[in-house]
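Notes follow the structure.
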Amino acid sequence: MKNETPNEGRGGLRQRVRGLRVTLWTLIVPPTVWAGHFLFCYLWVAVSCAKMGAFPRFPTAFVIGTAVALAIIVASGWIAWIQSGTPGDPPPHDDGTDIDRLRFLAHATVLLAALSFVAVVFTAAPALMLTDCR
Amino acid sequence: MSLHAQDDIELRRAQEDRLRAVWAPPTGWFGRWTDVNNNVVGVWYTLTAFTFMLFAGVLALIMRAQLSAPGNDLVTPSTFNQLFTLHGSMMMFLFAVPMFEAVAVILLPQLLGARDLPFPRLSAFGYWSFLIGGVFVAGSIFFDVAPDGGWFMYPPFTTRTDLSGLGADIWMLGLSFIEVSSVAAAVELIVGVLKTRPPGMRLNLMPLYAWYILVVAVMILFAFPPLIAGDILFELERLMGWPFFDAARGGDAILWQHLFWIFGHPEVYIVFLPSIALFAMIVPTFARRPLLGYPWIVLAAVGTAFLSFGLWVHHMFTTGLPKISLAFFSAASEAVAIPTGIQIFAFIATLWAGRVVWSTPMLYATGSIAIFVIGGLTGVMVAVAPFDWQAHDTYFIVAHLHYVLIGGTLIPLFGGLYYYWPLITGKKLSDRIGRTAFWFLFAGANITFFPMHFSGLMGMPRRVFTYPAELGIGGLNMVSTIGSFIFAFGVLLVCLDLARSPWRQKSERNPWQAGTLEWLAHPDDEDWGIRSVPLIESRYPIWDQKNFVSKVDEGRYFLPDAEEGRRETIITSVLDARPIQVIRLGTPSAVPMVTAGVLGSVFILTTYHLYWLAAAGVAGTLACVLYWLWTGTGEIPEKERKAIGHGLSVPLYCSGASSSGWWAMFITMMADATAFSGLVFGYYFFWTRADDFPPSGVGMEGPGAFWPMAALALTLASWAMTVAAREVNARGAEGAARALLGVGGLVSLAAIAAGVAGPVATGLQPSLHVYPAIVYTLVIWTVTHNAVGAIMQFYTMARSIAGRMTPRYDADVRNITVYHHFMAVTAIVTYATIGLFPGVS
């Protein structure tokens, strides 16, 4: 009995996630987060180097910003992953049904989340490696 | 007894007659040019862009002839500068981007099973703008006044009028005008893809070509406006002496590079993705199987679009920016190889999994992948900053970019030409000539550009009109020149093939046995677009859906008739393509052409400093646009709903977020907001570059806080009145709505006065220093938008009084509300920046 409760809870959450509305806007959440993170990094470095003449003073802000960006990407990828597993007709899921359209958008979102995750890590890496403005 | 009305042959014939009459093209010497059907305008567009490409190609041949031997004096240095500037500018602005738009407006209606895209008159306007602007820019070389500052027009040499002539103005103003047509086309294409798909064509059944076009059109919305912002600053400096790029007065030439490359890098993908989209149609047809990895291609297109905006600084690696900034852009430049690679592998995998028919279009497709991949690999090399420092501004870069553009844009377009020619003319091109031309093109491209990698690494800089024999690159250059003529011979063969086309036999229908909707086209095409708008259940309906072609032809699907004698198409919902409206489309009219002509005169007259005449042109353009809108939009239909067949009936009028006009307004405002961001970026950029910004001194005092805040308050009040007018109008209080709109318009005018009062009261002198100049620019931008907002409010009030807008038919007020939302945000950002930020900083 003890084991069943968390399972039910997870199942409930999965059900709720599956029920979320998916649109063209949700598809572009992961790359938009990449864009926001990229802009944040660029401005943070450019303003610090230009106005303070030194390597950015607030590395904590950078680490937090990167962690938040990655968390949103992972979350949206996870939601999309659950939705892409919505049961329905057999593969290849290419039909003109509500479920196949949902699965397609979800699948594309998962892929975009993966790409965005890699791209955010790519962008964050130099800030960890380089430590001055030269 | 028949079960279906369409079994009646007489009925079908009567329907066809009605459709034919409604869609008949205009006739007459002048009348035929007033056509707005995208099928026709698209063909003009394509031919014009193709002609500009040939012209720009000839310029390149002259350059290659000049560079064939060291110390050559075929052309003067000045002519050489004009040649390379015009070659690059024309290939980008007059060929690659317009060609994408031209091909898209021909193909999209057919791919989407629509009678036409939602705004055919807008397409015609875009075409005429393109033609006028293009002839103006290209023709300048015959008068020895062509632009000569390189296709990126770096200041300060180009902004100083003592160092550069009329050419710089021609480039800026002529191409700004063409950018207007690009944004117009983007609006048409985005709304077309989202709203005019046939019933049942959900997002996951959309042809990949449409996905690419959607993505690229959105990219145009975010890429072109920063360049328009840059153009504004550039011309203000040249014509008025406002020092945005003049270091002596606080300006900075690097700002231009930022604004230019925020446009310039995505531009490369804007011209690459549509050509790759042609592959996405060609490859499945000749692999005889659906493309593998549909979501992966969508990932690649969307991912590339996003990442391509994080690359612009890799064109500026040598400008002295902090290395850590360079590292971010280096990382993004390498990341973009991932989605690009995914696309290429999806095509290769599809070919591998299918039974490939080695047709002529297929030959072009595979050949161009080979060339593109070489360009992509050198792209990864130059994305690495230390290598770029070595290769920057050498022929290595020339080699890289031509491999990318020839492999990624030009040869795919030729492949598309061979593939889609039967769709447009009903005739196939010659396989023999096509294949011969291909091998000349393929060999020519490699012989021309591969040696340039070495001449670049050996030290040959770009944009030099000659070089000394001691450099030892004479042989490599001679090989390149020979290659360029081999390539040109390939292009000539293609032209000959096209020229012979009118004498060829019609081919059979769907000659490649493709599976997608556009191949419903009949060799003896009718102008109505599609006989009946089909119900889509598959990505390849011709392959998968039973009796599909005959059902469409017999009018068994939707909207098989034109009972009211109107041009119509079905509007569907964005996600699932459920029919929600029938819209009446624009009919042939001289208004788009005249509007383009009058607007063109504004840009051309400004080039020659004829400001009063240009101001008359602005007034004329406004009059044309108001006439166009008043007579051609927001029409109240004669009945509420219309039956489209199969027992379905949909409204003839929609307003708000489900209507195509609302979407067009929203999308246009996205572009507008992006251009505005470019100007705001300028303000904060100057702040980071200078120790004292705002500076102190006479004529440089900021506009203070009072007037900016007053202007902001008035703008927000006007916004609130517009929103209120929309609400009370919907509740039936038309009188109150008119009053709110009228007063709102007056308040908008007051906001203009308050906005201008700030800098005027404190005596800001824009030619003194960049700070007053950028403050004035932001104010001018904002109050100009106030003026447009006031015109919209008065216009909508007049529509209501004239009975053309009612509580039920309220698209006008809903659309202008979208404008005023953006207007409010613009005012908040501008006035907080100029009024409050100086106090904070």
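Because only heavy atoms are used, hydrogens play no part in the values below, and waters and symmetry mates are left out as well, while side chains stay in. Here the structure is a predicted model, which is why all the values come from computation and not from measurement.
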Assess whether side-chain contact (heavy atoms from CB on, under 4.5 Å) is satisfied between B:Phe306 and A:Leu112, documenting all intermediate values. CA-CA 10 Å; B:Phe306 269 88; A:Leu112 278 166; over 6 Å; no

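- With a 4.5 Å cut-off on non-hydrogen atoms, B:Leu205 touches chain A through its side chain but not through its backbone.
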Quick one: donor-acceptor pairs between chain A and chain B, under 3.5 Å, side chains and backbone, table format.
{"residue": "A:Lys51", "atom": "NZ", "partner": "B:Trp687", "partner atom": "O", "Å": "2.7"}
{"residue": "A:Lys51", "atom": "NZ", "partner": "B:Ala690", "partner atom": "O", "Å": "3.0"}
{"residue": "A:Asp94", "atom": "OD1", "partner": "B:Arg539", "partner atom": "NH1", "Å": "3.3"}
{"residue": "A:Asp94", "atom": "OD1", "partner": "B:Arg539", "partner atom": "NH2", "Å": "3.1"}
{"residue": "A:Asp94", "atom": "OD2", "partner": "B:Arg539", "partner atom": "NH1", "Å": "3.4"}
{"residue": "A:Asp95", "atom": "O", "partner": "B:Asn204", "partner atom": "ND2", "Å": "3.0"}
{"residue": "A:Gly96", "atom": "O", "partner": "B:Arg202", "partner atom": "NE", "Å": "3.0"}
{"residue": "A:Asp98", "atom": "OD1", "partner": "B:Arg202", "partner atom": "NH1", "Å": "2.4"}
{"residue": "A:Asp98", "atom": "OD1", "partner": "B:Arg202", "partner atom": "NH2", "Å": "3.4"}
{"residue": "A:Arg101", "atom": "NE", "partner": "B:Asp576", "partner atom": "OD1", "Å": "2.6"}
{"residue": "A:Arg101", "atom": "NH2", "partner": "B:Asp576", "partner atom": "OD1", "Å": "3.3"}
{"residue": "A:Arg101", "atom": "NH2", "partner": "B:Asp576", "partner atom": "OD2", "Å": "2.9"}
{"residue": "A:Arg134", "atom": "O", "partner": "B:Lys323", "partner atom": "N", "Å": "2.8"}

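- Every residue meeting the side-chain contact (heavy atoms from CB on, under 4.5 Å) condition with B:Ala305, not counting sequence neighbours, appears here in chain and number order: B:Val215, B:Met219.
- For the pair A:Ala119 and B:Leu307, the tightest heavy-atom approach, listed with the atom from each and the gap, is CB-CD2, 3.9 Å.
- Judged as a side-chain contact (heavy atoms from CB on, under 4.5 Å), and not counting sequence neighbours, the contacts of A:Val118 are A:Phe122, B:Ile338.
- Of all the listed residues (B:Ile536, B:Val298, B:Leu203), the one sharing the greatest number of non-hydrogen pairs under 4.5 Å with chain A is B:Leu203.
- The environment of CZ in A:Phe40 is crowded: more than 12 heavy-atom neighbours from other residues, nucleotides or ligands sit within 6.0 Å.
- The contact between A:Leu105 and chain B is made entirely by side chain atoms (from C-beta outward), counting heavy-atom distances below 4.5 Å.
- Every residue two or more places apart in sequence or in another chain that forms a side-chain contact (heavy atoms from CB on, under 4.5 Å) with B:Ala327 is listed here: A:Pro126, A:Leu130.
- Considering all non-hydrogen atoms of both residues, B:Leu575 and A:Leu24 come closest at CD2-N, 3.9 Å.
- The minimum heavy-atom distance between A:Phe38 and B:Ala332, with the atom names listed, is CE1-CB, 3.9 Å.
- Proximity to chain A is limited to the side chain of B:Val574, based on heavy atoms less than 4.5 angstrom apart.
- Only the side chain of A:Leu115 has a heavy atom closer than 4.5 Å to any heavy atom of chain B.
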